[in-house]
Engineer: 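Pasting in a structure now, in structure tokens, and then I'll have a few things to ask.
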Amino acid sequence: MKSEPSDVSIDDLASMPGQNVAWYGVRNYQARNFMRDQMRVGDGVFFYHSSCEQPGIAGIAEVSKLAYPDATQFDPGSKYFDSKAAPQNPRWFNVDVRFVRKTRLIGIKELRDYPDLATMRILQKGNRLSITPVDPSEWNFIMGILQ
DNA sequence: GCCAACGTTGGC
DNA sequence: GCCAACGTTGGC
């Protein structure tokens, strides 16, 4: 899951109440579907810093709450407000994510250098999705290089 | 700030 | 339903 550290960094997550955050504000259908349809409580998450000086994996988190309607879509004062969404018919969903631990920064260049990660979704050309699935083999490989 | 890539919008 | 125009993302 990508986050701009100027918005929410891994350190920010670690200092939040319960070290937990609602992953609100996703307004892309594919990313929404990954949260709503595929993410389950306890699933591991790589916390990726994007749009910053050192893009890359900065820590590990886990899904702490199953997807539910994103409250900001109903809030006219929010920049994520969606006038076409209704509480009876929500359009956007988010999971909650809980801090597990920080890691060393694994930069995007390093990630690209591992042949084992050549097909990792987040590294594909043109990928802009803020949430992408991680194969178990990719998860295990990255956990391995963190040893 | 540039720009490739891609999603969304809206006229037809 | 097509597709041009536009907006956004995000690494560099």
Side-chain angles (χ1 to χ4, degrees), chain A residues 1-16 20-39 43-146:
Chain A
M1 300 178 88
K2 295 181 193 172
S3 182
E4 298 185 20
S6 59
D7 185 11
V8 180
S9 70
I10 188 73
D11 289 323
D12 292 334
L13 176 59
S15 62
M16 282 180 181
N20 191 83
V21 72
W23 209 266
Y24 61 82
V26 170
R27 294 294 180 268
N28 171 283
Y29 289 104
Q30 263 186 287
R32 177 203 68 179
N33 292 349
F34 286 140
M35 282 198 286
R36 189 190 60 187
D37 304 335
Q38 291 186 231
M39 296 175 76
D43 284 353
V45 171
F46 288 126
F47 195 105
Y48 182 95
H49 284 173
S50 68
S51 293
C52 59
E53 278 189 20
Q54 289 187 294
I57 293 171
I60 309 235
E62 66 180 8
V63 177
S64 55
K65 187 175 178 181
L66 206 59
Y68 58 97
D70 178 338
T72 62
Q73 70 191 302
F74 309 126
D75 175 6
S78 169
K79 68 172 179 173
Y80 299 115
F81 176 66
D82 184 343
S83 62
K84 293 175 182 168
Q88 308 88 332
N89 187 24
R91 177 179 290 197
W92 306 111
F93 293 80
N94 65 265
V95 297
D96 282 7
V97 161
R98 182 187 299 129
F99 176 81
V100 174
R101 67 182 175 94
K102 284 183 74 169
T103 61
R104 70 177 177 86
L105 198 289
I106 312 175
I108 186 170
K109 183 170 186 312
E110 178 181 348
L111 291 169
R112 289 195 195 285
D113 281 344
Y114 294 117
D116 292 69
L117 301 180
T119 60
M120 195 174 179
R121 186 82 174 254
I122 198 178
L123 300 177
Q124 300 313 300
K125 183 183 174 81
N127 172 68
R128 296 188 316 171
L129 284 177
S130 62
I131 300 174
T132 46
V134 177
D135 282 350
S137 62
E138 295 160 353
W139 177 271
N140 291 333
F141 180 81
I142 292 171
M143 295 305 274
I145 65 175
L146 287 169

Engineer: Check nucleotides 1-3 of chain C against the protein and report each pair of N or O atoms closer than 3.5 Å, with its distance, or say if there are none.
Structural biologist:
none

Engineer: Please check this pair: side chain of A:K2 against backbone of A:I131, looking for a donor-acceptor N/O pair closer than 3.5 Å.
Structural biologist: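 Not at all, since once roles are kept as given, no pair shorter than 3.5 Å links the two residues.
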
Engineer: Can you see which heavy atom on A:S64 is nearest to which on A:N20, and at what distance?
Structural biologist: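 Shortest heavy-atom contact: OG-OD1, 2.6 Å.
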
Engineer: Before you tell me yes or no, could you show the steps for A:D135 and A:R121 under salt bridge (charged side-chain N to carboxylate O under 4.0 Å, His left out), namely the whole-Å CA-CA distance, both residues' side-chain angles and the distance that decides it to 0.1 Å?
Structural biologist: CA-CA 9 Å; A:D135 282 350; A:R121 186 82 174 254; over 6 Å; no

Engineer: Please enumerate all residues that pass salt bridge (charged side-chain N to carboxylate O under 4.0 Å, His left out) together with A:R91, with sequence neighbours excluded.
Structural biologist: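 A:R91 satisfies salt bridge (charged side-chain N to carboxylate O under 4.0 Å, His left out) with A:D82 once adjacent residues are dropped.
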
Engineer: How does protein contact run along nucleotides 6-12 of chain C, one letter per nucleotide 5' to 3', with B for base contact, S for sugar-phosphate only, - for none, heavy atoms under 4.0 Å?
Structural biologist: -BBBBSS

Engineer: Backbone N or O of A:D75 within a donor-acceptor pair of the A:S78 side chain at under 3.5 Å?
Structural biologist: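 Side chain of A:S78 to backbone of A:D75, a donor-acceptor pair under 3.5 Å: no, none is there.
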
Engineer: Below 4.0 angstrom, N of the basic side chain to O of the carboxylate: do A:R101 and A:E62 qualify?
Structural biologist: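 Salt bridge absent between A:R101 and A:E62.
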
Engineer: Closer than 4.0 angstrom, basic N to acidic O: yes or no for A:D37 and A:R32?
Structural biologist: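 Here A:D37 does not pair with A:R32 in a salt bridge, since their nearest N and O are not under 4.0 Å apart.
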
